[in-house]
Visitor: 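If you scroll down you'll find the structure; I have some questions about it.
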Amino acid sequence: MDASLNLAPAAQHWVNLILIWLGFGAIVAIVVRSLLPGREPSGMISMLLIGVVGTCVGPLIVSTVWRIEQFNPISPVGFLASFVCSFLFLLLYQVGMAMSKRRRHLRD
């Protein structure tokens, strides 16, 4: 029995692209998480989301601001942009969670 999935070339391209972005986002999330410790109420799922969003938004900002035509987001510069954006997203997330916890504590 053959376990391979036969997809059209365009569909296979998009599946590969999504898996690459998820993997790259996971690597960025692990690096960011190791440098910015703290308690995460939702765990690795939120970190993966932060990593993937940072991996999409960071290189987009770099390529838009500096108008780089052939910018490869999965490169050292793309990794740096993804790291900075994910770091900022995680920092904002942690600050927002701390403020929310403080507001709940003050109400009680």
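By convention here, the first residue in the shown sequence is residue 1.
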Visitor: Under the 3.5 angstrom rule, does the side chain of Ser100 hit a backbone N or O of Gly96 as a donor-acceptor pair?
Guide: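 Looks like no, no N/O pair under 3.5 Å.
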Visitor: So, for Ser86 and Gly54, which heavy atoms are closest and what is the spacing to 0.1 Å?
Guide: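 Where Ser86 meets Gly54 most closely, the heavy atoms are OG-CA, 3.3 Å.
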Visitor: Can you confirm whether Phe87 sits close enough to Leu90 that some side-chain heavy atom of one is under 4.5 Å from a side-chain heavy atom of the other?
Guide: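 Heavy-atom side-chain distance check fails, nothing below 4.5 Å.
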Visitor: State, to 0.1 Å, how close Cys56 and Leu60 come at their nearest heavy-atom pair, and which atoms those are.
Guide: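 In terms of heavy atoms, the two residues are closest at O-CB, 3.4 Å.
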Visitor: State yes or no: do Leu35 and Leu91 share one hydrophobic cluster built from I, L, V, M, F, W and Y residues joined by side-chain heavy-atom distances below 4.5 Å, directly or via other members?
Guide: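 Leu35 and Leu91: one cluster.
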Visitor: Is the shortest heavy-atom distance from the side chain of Thr55 to the side chain of Phe79 under 4.5 Å?
Guide: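 Thr55 does not reach Phe79 side chain to side chain.
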Visitor: Give a yes or no answer on whether the side chain of Ser34 reaches the backbone of Val31 with a donor-acceptor pair at less than 3.5 Å.
Guide: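 Side chain of Ser34 to backbone of Val31, a donor-acceptor pair under 3.5 Å: yes, one is there.
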Visitor: Quick one: closest heavy-atom pair of Pro59 and Ala81, and the distance?
Guide: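 Taking every non-hydrogen atom into account, N-CB, 3.9 Å.
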Visitor: Do you know the tightest heavy-atom contact between Phe89 and Ile50?
Guide: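 For Phe89 and Ile50, the tightest heavy-atom pair comes out as CB-CG2, 3.9 Å.
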Visitor: Would you give the length of the straight line joining atom OG of Ser82 to atom CD1 of Ile61, rounded to the nearest 0.5 angstrom?
Guide: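 That separation rounds to 10.5 Å.
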Visitor: Mind checking whether Trp21 and Val28 sit in one hydrophobic cluster, side chains of I, L, V, M, F, W, Y counted as touching below 4.5 Å?
Guide: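 Trp21 and Val28: separate clusters.
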Visitor: If I compare all heavy atoms of Leu48 with all of Leu22, which pair ends up nearest, and what's the gap?
Guide: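 Nearest heavy atoms, Leu48 then Leu22: CD1-O, 4.1 Å.
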Visitor: Once rounded to the nearest 0.5 Å, what's the spacing between atom CD of Gln12 and atom CG of Leu17?
Guide: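 These two atoms lie 11.5 Å from each other.
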Visitor: What are the two closest heavy atoms between Ala29 and Gly51, and how far apart are they?
Guide: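 Heavy-atom minimum between the residues: CB-CA, 4.0 Å.
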